[in-house]
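Here is how names work: the chains are called A, B, and so on, in the same order as the sequence lines, proteins then strands, and each is numbered from 1. None of these values were measured; they are calculated from a predicted model.
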Amino acid sequence: MRLATWNVNSVRAREERLLRWLQSSRPDIVCLQELKVTEDAFPMDELRTLGYHAAIHGQKTYNGVAILSRVEPADVERGFADGGDDAQARLVTVRVSGLRVASAYVPNGAEVGSDKWAYKLEWLKRLRQWLDRRVPRSEMFAVCGDFNVAPEPRDVCDPTAWEGTVLFHPEARRALDEVRAWGLVDSFRLHHDGPGFYSWWDYRMLAFPRNQGLRIDHVFLSEPLARRCTAATIDRNERKGKQPSDHAPVVVDLDV
DNA sequence: ATGGTTGCTTAGCAA
């Protein structure tokens with residue numbers, strides 16, 4: 001089974017590329033982030049033609065997440081449902097093919113010290129609490145998405161320059177560590193050790209051709225599922241060409 | 001400190 005995550009940065013702007021990529025990569029399950037549309041504007045008919053169902057948590061203009069799957073999903077859950085502020089559409093969860101899968105769009109945080117920064121740290125804390133409350137560690141579980149945090153120096157093109165920014169800040173890394181301490185395995189690092197692997201490159205300053213990126217998109221797996229992960233890749237090719245997203249898809253293969 | 005780019009929405013925000 002092939003599982004992928006991709007921040008498409010507007011599903012309308014990326015519709016053609018998304019459809020083309022689905023046909024070439026043939027994933028069974030795809031977590032999408034930054035749809036920037038409500039559910040009624042989601043290109044459901046086109047995706048159905050390619051054989052996908054979709055669980056959508058949409059929002060106008062900002063955010064918006066979805067999970068595409070070849071098998072019809074069950075138990076669709078939107079947001080944390082923890083009694084806190086769920087106004088921003090950043091989390092959707094399904095059960096499908098014996099797995100539980102979550103698509104997450106962690107807040108960017110704008111600027112260290114801002115309200116949005118506080119919201120980012122709080123959101124990661126709520127994600128850990130949600131895992132504690134809702135997901136048994138024995139489950140085959142994957143939480144995939146744009147975490148807007150690079151875990152380690154090897155995940156950053158220039159760690160010294162990026163140190164202390166919202167994407168590579170000690171507090172954000174600690175908050176992500178707390179999420180992972182639930183018992184999540186970074187699938188990409190099961191298969192690749194070195195630096196130089198990134199999933200996001202700024203549109204500006206020729207960041208992509210210079211490979212000045214960060215690895216902020218992740219597929220985190222529960223222990224039972226991590227044991228079945230046979231491959232993990234970042235599809236750099238999808239960042240090339242006309243009108244790419246600023247993020248590349250991350251793809252894992254699972255022996256399930 | 002600022003700028004560089006893209007997307008959504010209509011000059012400015014978010015990333």
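- Atom P of B:dC13 sits at a distance of 15 Å from the matching atom of B:dT9, rounded to the whole Å.
- Nearer the 5' end of DNA chain B, as judged by each residue's closest nucleotide, is the contact made by A:P244, out of A:P244 and A:N108.
- In terms of position along DNA chain B, the nucleotide closest to A:V11 lies nearer the 5' end than the nucleotide closest to the other residue of the pair A:V11 and A:D146.
- Every residue two or more places apart in sequence or in another chain that forms a side-chain contact (heavy atoms from CB on, under 4.5 Å) with A:Y203 is listed here: A:N9, A:R14, A:R239, A:D246.
- Members clustered with A:M1: A:L3, A:I29, A:V65, A:I67, A:V71, A:V76, A:V92, A:V94, A:V96, A:L99, A:V101, A:Y105, A:M140, A:F188, A:F197, A:V219, A:L221, A:L225, A:I234, A:V250, A:V252, A:L254, A:V256, by chain and number, using a 4.5 Å side-chain heavy-atom cutoff among hydrophobic residues.
- Taking the charged nitrogens against the carboxylate oxygens, A:E238 and A:R20 have no contact shorter than 4.0 Å, which rules out a salt bridge.
- Scanning for ring pair (Phe, Tyr, Trp, His ring centres under 6.0 Å) contacts around A:H218 gives A:F147, A:F220, with sequence neighbours left out.
- Separation of the P atoms belonging to B:dG12 and B:dA1 is 23 Å when rounded to the nearest angstrom.
- Of all nucleotides in DNA chain B having an atom under 4.0 Å from a heavy atom of chain A, the first and last in 5' to 3' order are B:dG4 to B:dA15.
- Only the P atoms considered, B:dT10 is 24 Å distant from B:dT5, to the nearest whole Å.
- Rounded to whole Å, the C1' atom of B:dG7 lies 14 Å from the corresponding atom of B:dA11.
- Rounded to whole Å, the separation between the P atoms of B:dG4 and B:dC8 comes to 22 Å.
- Nucleic acid contact class of A:Y105 (heavy atoms, under 4.0 Å, all strands): sugar-phosphate only.
- Residues meeting the side-chain hydrogen bond (donor to acceptor under 3.5 Å, both in side chains) test with A:R2, sequence neighbours left out: A:D253.
- Hydrophobic cluster membership for A:Y198: A:W201, A:F208 (Ile, Leu, Val, Met, Phe, Trp, Tyr linked by side-chain heavy atoms under 4.5 Å, directly or transitively).
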